[in-house]
Amino acid sequence: VQLQASGGGLVQAGDSLRLSCAVSGRASSFYAVAWFRQAPGKEREFVASISRSGAHAYYTDSVEGRFTISRDNAKNTMWLQMNSLKLEDTAVYYCAADPSEKEHSYYRGNNVRYLEIWGRGTLVTVSS
């Protein structure tokens with residue numbers, strides 16, 4: 001199973017960007033998916049996650065109300081819609097998949113051990 005994140009780029013503060021995470025090798029419905037990011041010189045942090053069915057979504061406080069995570073299991077793809085981007089959103093964004101049947105919270109780095117599959121990151125740069 002592989003994850004491929006894409007959609008990063010250079011945008012201005014206040015702009016929007018949509019990241020995609022494509023799953024290959026197995027149906028995406030077997031996985032909860034999370035987005036993490038890592039800014040230069042900082043630790044990796046949880047951004048958002050979505051349950052297998054898409055019924056539940058979770059966000060870190062700093063992106064709540066600006067970012068929306070979604071998925072279409074028929075397309076084996078998940079998205080992270082990022083609106084009102086801020087300078088501090090600049091980071092490499094990674095998607096990761098959790099095959100567990102039990103739903104986990106990844107907030108503050110909890111349960112990261114269940115995210116068994118990681119994609120290569122996509123760089124988002126927000127300029128002023």
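All residue numbers refer to positions in the sequence shown, counting from 1.
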Trainee: Do any pairs count as a salt bridge (charged side-chain N to carboxylate O under 4.0 Å, His left out) and have a residue in residues 90-103, sequence neighbours left out, and if so which ones?
Mentor: none
Trainee: Between Gly8 and Leu19, which heavy-atom pair has the shortest distance, and what is it?
Mentor: N-CD2, 3.6 Å
Trainee: Should the ring pair Phe46 and Tyr106 be called parallel, tilted or perpendicular, given that the plane angle runs from 0 to 90° and is split at 30 and 60?
Mentor: tilted
Trainee: Nearest 0.5 Å, what's the CG-OG distance between Asn76 and Ser24?
Mentor: 8.5 Å
Trainee: Verify the ring-centre separation between Phe67 and Trp35: is it less than 6.0 angstrom?
Mentor: no
Trainee: Are Tyr31 and Asn73 side-chain neighbours, meaning at least one heavy-atom pair lies under 4.5 Å?
Mentor: no
Trainee: Counting only heavy atoms not in Gln2 (residues, nucleotides, ligands), do more than 12 fall under 6.0 Å from its CD?
Mentor: no
Trainee: Scan residues 20-47 for pairs that pass salt bridge (charged side-chain N to carboxylate O under 4.0 Å, His left out), counting only residues two or more places apart or in two chains.
Mentor: Arg37-Glu45, Arg37-Asp89
Trainee: Are any non-hydrogen side-chain atoms of Trp79 and Asp72 less than 4.5 angstrom apart?
Mentor: yes
Trainee: Is there side-chain contact between Ser128 and Leu87, with heavy atoms separated by less than 4.5 Å?
Mentor: yes
Trainee: Just to verify, which of Leu17, Leu123, Val124 counts as forming a side-chain contact (heavy atoms from CB on, under 4.5 Å) with Tyr93?
Mentor: Val124
Trainee: Tell me the closest heavy-atom pair linking Ala34 and Leu115, and the distance in Å.
Mentor: CB-CD2, 4.2 Å
Trainee: Quick check: do Thr125 and Leu10 have side-chain heavy atoms less than 4.5 Å from each other?
Mentor: yes
